[in-house]
Amino acid sequence: MIYKLEVKPTTNTINVLIYGCCLENKITDALKWVDKMEGFGCLPDNVTYNTILDALFKKGKLNEVRDLLSDMKKQGLVPNRTTYNILVSGYCKLGWLKEAMRVVDLMTQNKSLPDVWTYNMLINGWCNAGMLEEAFRLRKEMESLKLLPDVVTYNTLINRFFELGRSMEAFKLIDELDEHGIKPNAVTHNIMIKWYCKEGKIDKACKIVRNMEENGFSPDCVTYNTLIDANCKAGNMEEAFRMMDVMGRKGLKMNTITLNTILHTLCCEKKLDEAYMLLNSASKRGYYLDEVSYGTLITGYFRDEKANRALKLWDEMKERQIMPSTFTYNAMIWGLSQSGKTEQAIDMLNELLQSGMIPDETTFNTIIHGFCSEGQVEKALQFHNKMVEKSFKPDIVTCNILLSGLCREGMLEKALKFFRSWILKGKAVNSVTYNTLISSLCKERRLEDAFGLLSEMEEKKLGPDRYTYAAIHTALVESGRLEEAQKFTSIMVETGKINHQVVQPNTSKTPEEIDPSSISYSEKINEHCSQGRYKDALQIFEETRQKGITINKSTYMNLMNGLIKRRKSISKAVD
DNA sequence: GTAGGGTTAG
């Protein structure tokens, strides 16, 4: 007998569904549910709209954010504090801080006063823009409003100091946490772990993991993903594999980020076929692929000069309804211009704009660079001017790209003119800017002009460095001014601008050289992996461990690949 | 376990 359940979904039920859709990046489905609500006799509320607004903003779909906001108002709903905070967060992530501050004004006018969340997002926004003074000013302001900074405020600032390499100040803030009676949390530990990994001090990072456990936090997916990535980047495949294993044993599921880390590592090792196979089998194994997964492989193909494969993958991604971010558009634009297809790259830019996304500095700089590499400096300049009219703000990178393009095409005078007007506008330059011009002047034997720029560079404390040195030294030698060349060298060495480093030959031995039996073990493991018999592969690996035999790097990669693919069966066994 | 902040991948 079949009973028809007389249960009607409520707004809350559907909100949960919508939230789930957004988590899976299926915003179209989420919007369909909003339309279906009325049929179920319920209406969307603030939670409904806020959920989708946040997802849209996170995907950079600004046009759709505006549309949905007006729909919301048509429904008679008034934005609440969370709505405003979503807007603040969205604008901050785009780096549109003026707009973010405007939303704060708006919320104050509408009596939804900013809270600790609002301030934390603003502080993060200003931190990302590199304006720490403003971030600290906001922290003061929040204190005066009796909004006490919390562990998130501290984590934001600590992380930023680490990212800027100002670790002393970061550690000072960690001490300050304690003084204010705020307990560091798992994120605080993860931030420190990331810092040590970045410094190449993986042993210290592991010490923090132990501290973390002593403080009552168990390492989470972020912790392990950080360690896996750091070990992959350092070439410690054995340790990376071990971390993946530990992660699984602790009942933590590898996720998209773990997968993407391995995909990236495979691409770096030029194992593109294996990366592609992993990408294809991953969704069957219960992973969500995202645009990062595709973008990683697309970049891998472009780097390997397989532009057609890259383009095919781009189409495949679109077919799967996975929407590329500006970052991935930039990767496509970069790849196309590297393959001599800068005009096609411009088509990509138009597609980006049509889909309601916002290009960034990298987008424009990549195209300008593309024209320059094709030797079409005039086109690069035209494009630059056209984009400036459309409110593109050229940065130091734009300047350096154009200068190097002009110099390479022998248009040194035009380059110098551009440089002078750039400085007159009060825009920043760096050592790359000076080195570009100095080496071009040197090549044209205009040594006195080069020296002029050299002293200008020194006045601004931008150098000289080893590139400046090489350019000037070569020019002096080639002009037969040997005495000056020698004098120049000694001054550079004495002032510590350059050092005569002796490159140590790499004497480290491969596992095969240490133990010939490692070859046959590696081969056996590889064979099992290629046939999908990961269990057998792991068993042999266990044998090598017990016998103290080292296997080679590429075999570890195969094992890691296998662990990723086995995820579903592991989690089933645990569940 | 219905919405918003800080940490991991390119």
Side-chain angles (χ1 to χ4, degrees), chain A residues 9-23 30 33 44-55 57-58 79-90 92-93 112 114-125 127-128 149-160 162-163 184-195 197-198 212 217 219-230 232-233 247 254-265 267-268 290-300 302-303 324-325 327-328 330-332 334:
Chain A
T10 62
T11 300
N12 293 358
T13 330
I14 297 177
N15 283 346
V16 178
L17 267 169
I18 287 175
Y19 183 58
C21 291
C22 289
L23 280 180
W33 278 107
D45 60 3
N46 276 57
V47 177
T48 322
Y49 281 101
N50 288 346
T51 309
I52 306 177
L53 278 174
D54 185 55
F57 231 140
K58 287 211 171 92
N80 60 13
R81 184 185 276 165
T82 304
T83 320
Y84 286 117
N85 278 342
I86 289 167
L87 299 181
V88 172
S89 154
C92 283
K93 292 224 160 80
S112 298
D115 59 5
V116 177
W117 288 55
T118 323
Y119 272 94
N120 284 343
M121 293 183 289
L122 287 173
I123 288 172
N124 192 33
C127 278
N128 284 333
D150 61 5
V151 67
V152 177
T153 323
Y154 276 94
N155 285 343
T156 309
L157 295 166
I158 291 166
N159 183 47
R160 186 53 43 179
F162 276 134
E163 300 253 289
N185 63 9
V187 176
T188 323
H189 289 90
N190 284 339
I191 290 170
M192 285 194 269
I193 290 164
K194 179 182 69 164
W195 161 249
C197 284
K198 211 171 134 196
M212 188 171 178
F217 299 101
D220 55 15
C221 285
V222 175
T223 321
Y224 285 107
N225 283 337
T226 306
L227 292 169
I228 291 166
D229 182 52
C232 282
K233 288 206 167 86
M247 191 175 176
M254 289 181 271
N255 57 18
T256 308
I257 294 187
T258 327
L259 171 75
N260 291 344
T261 303
I262 304 303
L263 281 175
H264 180 236
T265 309
C267 286
C268 287
D290 64 5
E291 55 107 21
V292 181
S293 325
Y294 278 93
T296 303
L297 214 54
I298 286 173
T299 308
F302 272 128
R303 276 195 215 283
S325 64
F327 193 102
T328 302
N330 287 347
M332 276 301 277
W334 173 83

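Letters A, B, ... mirror the listed sequences (proteins, then strands); counts begin at 1.
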Applying a 4.0 Å non-hydrogen cut-off, can you work out what Lys93(A) is touching in the nucleic acid: base, sugar-phosphate, or nothing? sugar-phosphate
Asn15(A) has its side chain closest, among dT7(B), dT2(B), dG10(B), to dT2(B)
Hey, does Cys221(A) reach any base, or is it just sugar-phosphate, or nothing, if we go heavy atoms under 4.0 Å? base
query: Any side-chain N or O of Asn159(A) less than 4.0 Å from the OP1 or OP2 oxygen of dT7(B)?
result: yes
Here the distance between atom C1' of dT8(B) and atom CZ of Phe217(A), to the nearest Å, is 18 Å
From CE of Met192(A) across to C1' of dT7(B) the rounded distance in Å is 11 Å
Testing dT8(B), dG10(B), dA3(B) for proximity to the side chain of Ile257(A), the answer is dT8(B)
Taking dG10(B), dA3(B), dA9(B) as options, the one with an atom nearest any side-chain atom of Asp290(A) is dA9(B)
To the nearest angstrom, the CZ-C1' distance between Phe327(A) and dA9(B) comes to 10 Å
Checklist entry - Side chain of Thr328(A), base of dG10(B): donor and acceptor closer than 3.5 Å? => result yes
From the list Thr82(A), Asn15(A), Asn80(A), Asp45(A), side chain to side chain donor-acceptor pair (under 3.5 Å) with Asn50(A) holds only for Asn80(A)
Atom CG of Leu87(A) and atom C1' of dA3(B) are separated, to the nearest Å, by 12 Å
For Met254(A) and Ile262(A), what are the C-alpha separation, side-chain angles and deciding distance, and is it a side-chain contact (heavy atoms from CB on, under 4.5 Å)? CA-CA 11 Å; Met254(A) 289 181 271; Ile262(A) 304 303; over 6 Å; no
From the candidates dT7(B), dA9(B), dT2(B), the one with an atom nearest any side-chain atom of Tyr19(A) is dT2(B)
Lys93(A) meets the salt bridge (Lys or Arg N to Asp or Glu O under 4.0 Å) criterion, sequence neighbours left out, with none
inquiry  = Can a side-chain donor-acceptor contact be found between Asp290(A) and Asn260(A) if the only test is distance below 3.5 angstrom?
reply    = yes
Rounded to whole Å, CE of Met212(A) lies from P of dT7(B) at a distance of 15 Å
* **Polar pair under 3.5 Å, donor/acceptor by atom type, side chain Asn80(A), base dA3(B)** => yes
* Asked: When all nucleic acid strands are considered with a 4.0 Å heavy-atom cut-off, which category describes Val116(A): base, sugar-phosphate, or nothing?
  -> base
Asn12(A) CG to dA3(B) P, in whole Å, measures 11 Å
Side-chain contact check for Val187(A): nearest option of dT2(B), dT7(B), dA9(B) is dT7(B)
Checklist entry - Contact class for Thr156(A) vs. all strands (heavy atom < 4.0 Å): base, sugar-phosphate, or nothing? => result sugar-phosphate
Here the distance between atom P of dT8(B) and atom CG of Asn225(A), to the nearest Å, is 11 Å
Sorted by chain and number, sequence neighbours left out, ring pair (Phe, Tyr, Trp, His ring centres under 6.0 Å) with Tyr19(A) holds for none
Decide whether Thr13(A) and Thr10(A) meet the rule of one side-chain donor and one side-chain acceptor closer than 3.5 Å. yes
Distance check: side-chain N/O of Lys194(A) vs OP1/OP2 of dT7(B), anything under 4.0 Å? no
Between CD1 of Ile191(A) and P of dT8(B) the distance, given in whole Å, is 8 Å
